[in-house]
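Protein chains get the first letters and strands the later ones, always in sequence-line order, with residue 1 at the start of each.
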Amino acid sequence: MSDAPDMIKAYEPAEVEAKWYPIWENSNYFHSDPNSGKKPYSIVIPPPNVTGILTLGHVLNNTLQDILIRYHRMLGEEVCWFPGTDHAGIATESRVDKYLRQEENTCRDDLGRDEFIRRVWEWKQKYGGTIIRQLRTLGCSADWERERFTMDDGLSMAVRKVFVELYKKGYIYRGQRMINWCPVAKSALSDEEVIYKEENGKFYHFRYPLADGSGYLVVATTRPETMFGDTAVAVNPEDERYKHLIGKMVKLPLTDREIPIVGDIHADPTKGTGCVKITPAHDPNDFEVGKRHNLEVINVMNPDASMNARCGERFAGLDRFTARAETVKAMEELGLVEKIEDIRHAVGYSERGNVPVETLVSSQWFCNMKELAKPAIEAVKSGKIKFYPERWSKTYFHWMENIQDWCISRQIWWGHRIPAWYNDETGEVYVGMEAPTAPGTWRQEEDVLDTWFSSWLWPFSIMGWPEKTPELQKFYPTCDLVTGPDIIFFWVARMIMAGCEFMDEIPFKNVYFTSIIRDDLGRKLSKSLGNSPDPLDVIAQYGADALRFTITYIAPVGMDIRYSNEKCELGRNFANKLWNACRFRRLQGPVTPDFRRLAPSLVLTSDERWMLAKLNEAIGSITTALEEFRFHSAAHEVYELVWSNFCDWFIEAEKVPLRAGGEDKERALMVLDYALFRILKLLHPFMPFITEELAHQMQFVEEGKSIMFESFPTMDDMIFDPAQIELADGKFELVRAGRALKSGYNIPDGKKVNFHIKANSPEMLAFLREESASLYSLLNAAEIKLELDAFDTAANGAAPAQAAQLGTISLPLTGLIDVAAEKAKLNKQIAELDKSIAGSRAKLSNEKFLAKAPEKVIADAKALLEKMEARHAELTALLASLQ
RNA sequence: GGGCGAUUAGCUCAGUUGGUUAGAGCGUUUGCUUUACACGCAAAAUGUCGGGGGUUCGAGUCCCUCAUCGCCCACCA
């Protein structure tokens, strides 16, 4: 046993993983050929932010993609995983601005537009795309030659083309509308970029005096500082309390303005006082009311959400929150505060800026989505695109059927500049792929496009659209998309719309929505909480394979994952188990030649047939699970197969023929090799590094080749009689019973003892006789008496025993037996059995059951009852023998 | 206000279309340096499947309802 000096006792992933990745990449293994005749299989990566670093969310997401890619590669398909990064407008702009402030004592605004953009590109060259390198550490087999960036020339051209086409169709327009404004980015945002948080707030009731001095109205607001923009007070036209006031004026406190009282259905008589202050510039509802009554729109804020000159000297320049307090104070000074209530309400926050957004009226570019949504809704409804889990389609439909115009312009610099030019002299607007050539002075729009306006084209822009490239021909539409449900609106829905509109074809067939990863306590992972482990640390500690396997194993379908680093012990231990199974095999001698296919003439043992049957079963269920995106279930199956079936039982059982040597050993080695190679292949998509290493260590795969191009195992054609497999299972059950007896008497496992086995039938006896060497080994027995007769208690004294399917096993411990304990144990077993038998009999004597249940269910129930009754008789006899 | 999800062993979770005695990992207890593996082996204990009602011969699984927790959407001034 000195044949495998190269295999250390405990698997160490670091070196192995560092060794294989460059070999794979330098051998061009991930390269895809759009001209091949093979069936295409493609995935586009959800492009991570170019500023990003690997998080556990990426680990989960990309592990699953890599599992799919490797699985389909092993199915012999032409696979292509398109990688790349996203320019992430606002995030990158503020990241680089921060960098400039920290490192160079300058900033965006100091540098000016052109220089700043130049510096962002520079930063991107230097620091960007870290995550792309990190994905290699994880083992991802993407086609890196095809890495793209959303601001590459080609992709930028696609963006302009799409903009121009949608403009010509009349979908894209520029208009004055209510939008969400981020005071930090000083830019407009789309509705989707606003996150609502429940907060404690105040509800201020103010008195607005009537201009004629005949009293006052009480209005309530959560935003007192916007009152400088009030241009009316609305009451419901049906409201008896106030309808006589419609048309009169109120004096707007803190200003010199008088504003009208208007009748509008927006005012709900049942809410508050029934009077609403109308601030068209700062509230979407008020904006609508303003339009109906032709009210002036007065913006009272600066771009950074401080108050502007319209608010008067006392308030101008104040931050909005300071201004709020100050306004209330001023109103109190005037005695116009009726009351202040505490309320809980939802406040919209800017996703990036993490401050409350302002809703305000602004001139922006919008895209009308109504028509684009129609075919995209149909694509999912008809089942052309399938969602996993399916329930997300409900969320999708709800959003798509109520889709609003998309605010696509951003007042930042980093991004795709909107291809629109203004002629200030003529007032003309030109929209085109390139600058206008017509004479005159043209000024390009300053705004850039929302980042998602390039990401929604990703599945085809990454393949070279609008050119008709071989990649588009071969790989579009892509097959599967793996992404988080948090970007279903931002990205998934919009990609479907873009695909249908510009390719006239869906962008992908299946969308798998991953789980959200949380910490042990169920909290979201975040930098600020400090509960976000660095995957690279985890990989250094446990190995990439361990992390991949663990996260797949613990990720339930469509639910949150509770993750902690310690859980990776599962994957690490599993890798070690596999390593040692192979190490054991290597210690037995060199690889056998027929490891790819066993000779049909080979006469197998019961254990070997059992193992191959289990293997076949596992291959079937793992394949189905992968096809149905049930990754965790596939991981559980393969874990069970390797650990429980292969290691715990099969290797232990094969030690008998291995020790016997000669032909027995030869055959055992062949079966071990055959099974091991299949196991390595099954596991490869989950744990690419260790399976590659072991496939070479075991000499299943030649030097210069890779397991990743071996075919994924399919069920082989060996058919086994289920009755034989059941006998093998029965033997293991008997062994378990025997071990339990030993354990019950605190007999060390290593100590050899005598057993007596009474077989339940002559056939079973014959089988057990054939298997007796195996029984000796698995039970570590000194001597086993195998008979049809019960242990002779009269002659030898009472013995502890356990009943199993094939027979009763007893431990003849003459004189040492604890009779009372044994009786108690038996009585407990009998009592439990009594219950089950009673239930079973009741069921079987129920005429309705017999009439309505399927035949198979009835037959199974009868067989079970028989088994239980036999077991019952056996236990009763054992009890009697103890008297 | 609408929608979705969760509630199963001490913890984290499996449990395909309703059909044997509800499973795994971790943890706990006991015994093991058995020549692949202590990142291990063998054995053991632990559950009124959130409460209530219903459908059914049969419910962890389907329906209704309540409770708790979480997420998403929605203009409540």
[X]-[Y] side chain donor-acceptor pair, cut-off 3.5 Å:
X       : Y       : answer
S777(A) : K655(A) : no
E225(A) : T327(A) : no
Y512(A) : E628(A) : no
S633(A) : R630(A) : yes

> Taking atom C1' of G58(B) as reference, at what distance in whole Å does atom CD1 of I858(A) sit?
Replying inline: 12 Å

> For the pair made of CZ in F206(A) and P in A77(B), what is the distance, rounded to whole Å?
Replying inline: 14 Å

Base, sugar-phosphate alone, or nothing: which one does [X] contact when heavy atoms must sit under 4.0 Å apart?
X       : result
D648(A) : sugar-phosphate
H398(A) : sugar-phosphate
I651(A) : base
A581(A) : base
E628(A) : nothing
P854(A) : base
A220(A) : sugar-phosphate
C275(A) : nothing
K825(A) : nothing

>> Only Watson-Crick and G-U wobble pairs with both distances less than 3.5 Å should count. Give RNA chain B in dot-bracket notation, marking inter-strand partners with |.
In response: (((((((..((((.....[...)))).(((((.......))))).....(((((..]....))))))))))))....

[N] OP1/OP2 closer than 4.0 Å to side-chain N/O of [X]:
X       : N      : answer
K9(A)   : C37(B) : yes
K567(A) : C11(B) : no
W399(A) : C4(B)  : no

What's the closest nucleotide to the side chain of [X] if the choices are [options]?
X       : options                : result
N576(A) : C39(B), C73(B), G19(B) : C39(B)
K843(A) : A36(B), G19(B), C39(B) : G19(B)
R736(A) : A43(B), A36(B), C72(B) : A43(B)
F849(A) : A36(B), G19(B), A77(B) : G19(B)
K577(A) : C41(B), U12(B), C72(B) : C41(B)
H632(A) : A77(B), C75(B), A14(B) : A14(B)
K394(A) : C37(B), A36(B), G3(B)  : G3(B)
H266(A) : A45(B), A77(B), G5(B)  : A77(B)
N285(A) : A77(B), C75(B), A36(B) : C75(B)
R562(A) : U12(B), C73(B), A43(B) : U12(B)

Between [M] and [N], how far apart are the [atom1] atoms? Round to whole Å, please.
N      : M      : atom1 : value
A44(B) : A24(B) : P     : 11 Å
C73(B) : G27(B) : C1'   : 40 Å
C13(B) : U7(B)  : P     : 9 Å
A77(B) : U16(B) : P     : 44 Å
U55(B) : G3(B)  : P     : 26 Å
U17(B) : C62(B) : C1'   : 12 Å
U68(B) : U30(B) : C1'   : 39 Å
C41(B) : U46(B) : P     : 23 Å

Distances for protein N or O near nucleotides 25-34 of chain B N or O, under 3.5 Å:
residue	atom	partner	partner atom	Å
U30(B)	O2'	N746(A)	OD1	3.4

> For RNA chain B, whose closest nucleotide is more 5', that of T270(A) or that of D191(A)?
Replying inline: D191(A)

> On RNA chain B, nearest-nucleotide positions of R572(A) versus Q802(A): which is more 5'?
Replying inline: R572(A)

>> Tell me whether K862(A) is salt-bridged to E855(A), with the criterion being a basic N under 4.0 Å from an acidic carboxylate O.
In response: no

> Do E733(A) and R736(A) sit within salt-bridge range, that is, some charged N less than 4.0 Å from a carboxylate O?
Replying inline: no

>> Looking at the base of A14(B), is there any donor atom on it, or on the side chain of E640(A), that sits under 3.5 Å from an acceptor on the other one?
In response: no

> Parallel, tilted or perpendicular: which describes the rings of F387(A) and Y396(A), with under 30° parallel and over 60° perpendicular?
Replying inline: perpendicular

> Where does the angle between the aromatic ring planes of H636(A) and Y553(A) fall among parallel (under 30°), tilted (30 to 60°) and perpendicular (over 60°)?
Replying inline: parallel

>> side chain to side chain donor-acceptor pair (under 3.5 Å), that's the test. Do T359(A) and N180(A) meet it? Break it down for me.
In response: CA-CA 5 Å; T359(A) 44; N180(A) 304 291; 6.0 Å; no

> Quick check, are the ring centers of H205(A) and F203(A) under 6.0 angstrom apart?
Replying inline: yes

>> Looking at every non-hydrogen atom in both residues, tell me the closest pair between V328(A) and F206(A) and how far apart they are.
In response: CG2-CZ, 4.2 Å

> If you round to the nearest 0.5 Å, how far is OH of Y349(A) from OH of Y196(A)?
Replying inline: 13.0 Å

